[in-house]
Number of protein chains: 2
Amino acid sequence: MTLKDLAGSLGVSTATVSNAFNRPNQLSPKLREHILSEARRLGYSGPDAKARSLRTGRSRIIAVVLAESLTYSLNDAVASELLSGIAEVLDAHGHTLLLLSGRQSGARVPGSSSIADGFIVYGLMPSMMLIDELQGPGQRPLVAVDFDLEGQPTVHVDDEPACYAIGRHALQTRPRRPAVVNLRLTKHPCNARIAPDQELLPAARTITRSRLAGFHRAFAEHGIDPAGVPMWNIEENTYEVCAPVIAEILDLPDDERPDLLLCMSDRIALTAVTLAEQRGLRVPQDLRITGFDGIAEGQYRAPRLTTVRQDSVEKGRIAARMVLGLDPAEPRLLHTTLLIGDSCP
Amino acid sequence: MTLKDLAGSLGVSTATVSNAFNRPNQLSPKLREHILSEARRLGYSGPDAKARSLRTGRSRIIAVVLAESLTYSLNDAVASELLSGIAEVLDAHGHTLLLLSGRQSGARVPGSSSIADGFIVYGLMPSMMLIDELQGPGQRPLVAVDFDLEGQPTVHVDDEPACYAIGRHALQTRPRRPAVVNLRLTKHPCNARIAPDQELLPAARTITRSRLAGFHRAFAEHGIDPAGVPMWNIEENTYEVCAPVIAEILDLPDDERPDLLLCMSDRIALTAVTLAEQRGLRVPQDLRITGFDGIAEGQYRAPRLTTVRQDSVEKGRIAARMVLGLDPAEPRLLHTTLLIGDSCP
DNA sequence: CTGTTAGCGCCTTCAC
DNA sequence: GTGAAGGCGCTAACAG
């Protein structure tokens, strides 16, 4: 059943039916109601989305491109919150959400990406090819979240000041052996301690760099040489990947084991809390731990995490509003708030 | 830049360009390579998805319709795992994922739903209107997960036997005051204790009903009258909604407070563990707790949850394979495994 | 192996 | 307020 069929059986032109669905003020209310009710009766459920989008050039679909695999992203609290915020705004404005991953197993970008009216890209892609294609001639809006993309509006969090604040708080009690646990900081994948001469990703490619800068500023201010602070790196923000690295840290001999762990995410910090518990290490007496993100899980279990809260839902809302053209397409910086919990009072 | 333009500048017909992209064996490798490289050079990134989908009738997009709001679903571990499994299969077969919610705030079903090649519907919709429209004349495949939809293939978990198994395990140590904490069991929304005469949803409308039947079978087998077991109900599987109800239970006077809590989800059980800890109640000595789902969070924190693990990722994979026509469209029942943790040894 | 042709279903000027 | 006509970009027959 197509619009044309319907017009045929009603004895009106296709334009009139189209108007009944799309431009109420172009025909009499009475006729419109008649058409709509007949449509329902005959089982015509409105203009076909495929044809409509070809004709109008718009699909009312926004694609969210996630750097990581969908499997990972959907199970990450921060990414989920971001998606929630995006979905909320899109839904409120009659748009729907198409999920794409930067790590498609399929050979190339799925053709279906060209159907979207705009893109929200989250986290740095392993390859820029995808982005290049998205930015193609169509000139559809694109918003980058948590990384920089030349010539495109971005949404960021104040990573450096946030980590400075948390570092300053943690250093009020002077640690004997502080350490930093990073997330995707090294140029080459590494789930282990970072060697002093190891090559790191540039600041433009990972927010961890800004966060580290914040910690370093706090260290310097407290007379601690940042170069002397041992660092570890973790590639993926999951318990499974974090656990071995954290175990390596906690299983160091007593006189080498850090007594302060500045972690780049709450997931890392929570893993540290769990493994410390298992080893009979008391938090915060034997080991103080800080996180980043402020995810719910860290706030309702004991000991409550000392961390910095970023409003990922709001980040998503803003990105969505930008891509829909409701907000001006300009760089945005969200502020964070320090949450002082029990893991580092 | 369209396919036609490209054909024009290369001096070949549009069919040849189309073949270069879609049917490699319909033209010489040499010509194909030439066309593809010229396309890249001129900035043509392949056939437009909108036009292609209109022409072929297929979009390579599968829509997942979630009963709850996207905000809720994305933050629920079980729904996220389901989506992971779906995404994994779709991705492997060159399809992408469109997210729809049964609780659209937008007036009606978004027109964009008619773009999908098939639907996976998760959890019972508040209204069947949406489903009716999806099932419209198009006859596109539809798979229902965790609820029944007449005439459509479904994917279920063995809820009744699973709860029978967990109940049997828990009742090996005879509780003095067992209780059940349900999820969406009552006909009318209720976040409180369920009155004996309160109307419940029919089994076809909530899996909780099957789960409860499993518990009741275990009770009966142990000579406990199910009717004498107090029940509570919770409407949404989040800490925020669970906490007040659990608090109400735990704050009962000592001689009324349950010493065994059979919970319909790990989220509920974890909330109970947290609130019990806060009140100085020891788990499992003072209060034994069981869950359902087997989510990661319940397995790596102490005390490890006694629960039943359902493989939601696999559930998603199966649903996706069915909707893509890779598996036969027939009812499927997945098995669960009992996980005996420390919350109810 | 390559080119021609006829729509897929709809929206939107333009004339009436 | 209504109808006729063209084309959005592409693919699948069919011819050559």
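These figures come from a predicted structure and were not determined experimentally. Letters A, B, ... mirror the listed sequences (proteins, then strands); counts begin at 1.
- For B:Phe21, the ring pair (Phe, Tyr, Trp, His ring centres under 6.0 Å) partners are B:Tyr44, not counting sequence neighbours.
- Sorted by residue number, the members of residues 18-36 of chain A with any non-hydrogen atom under 4.0 Å from DNA chain C read A:Ser18, A:Asn22, A:Arg23.
- Atom CG in B:Leu6 sits about 13 Å away from atom P in C:dG3, given to the nearest Å.
- With rounding to whole Å, A:Lys50 atom NZ is found 15 Å from D:dT11 atom P.
- Not counting sequence neighbours, the partners of A:Asn75 by the side-chain hydrogen bond (donor to acceptor under 3.5 Å, both in side chains) test are B:Ser84.
- Residue B:Arg52 places at least one side-chain N or O under 4.0 Å from the OP1 or OP2 atom of D:dT11.
- Comparing A:Thr14 and B:Gly11 by the nucleotide of DNA chain C that holds the closest heavy atom to each, the one mapping nearer the 5' end is B:Gly11.
- Look at A:Tyr44 and you'll find a side-chain N or O under 4.0 angstrom from OP1 or OP2 of C:dC10.
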Please list, for nucleotides 6-8 of chain D, all pairs of protein and nucleotide N/O atoms separated by less than 3.5 Å.
unit_1: D:dG6; atom_1: N2; unit_2: A:Arg55; atom_2: NH1; d: 2.7
unit_1: D:dG7; atom_1: N2; unit_2: A:Arg55; atom_2: NH1; d: 3.3

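- Residue pairs that meet the salt bridge (charged side-chain N to carboxylate O under 4.0 Å, His left out) test with at least one member in residues 24-36 of chain B, sequence neighbours left out, do not exist here.
- Looking at residues two or more places apart in sequence or on another chain, you find no side-chain hydrogen bond (donor to acceptor under 3.5 Å, both in side chains) involving A:Ser80.
- Checked against side-chain hydrogen bond (donor to acceptor under 3.5 Å, both in side chains), A:Thr16 has the following partners two or more places apart in sequence or in another chain: A:Ser13.
- Under the salt bridge (charged side-chain N to carboxylate O under 4.0 Å, His left out) criterion, the residue pairs touching residues 61-73 of chain B are B:Glu68-B:Arg103, B:Glu68-B:Arg184, with sequence neighbours excluded.
- Residues passing the side-chain hydrogen bond (donor to acceptor under 3.5 Å, both in side chains) test with A:Arg321 are A:Asp327, sequence neighbours excluded.
- A close approach under 4.0 Å does not occur between any side-chain nitrogen or oxygen of B:Ser13 and OP1 or OP2 of C:dT2.
- Side chain to side chain, B:His95 and B:Asp117 fail the donor-acceptor criterion of an N or O pair below 3.5 Å.
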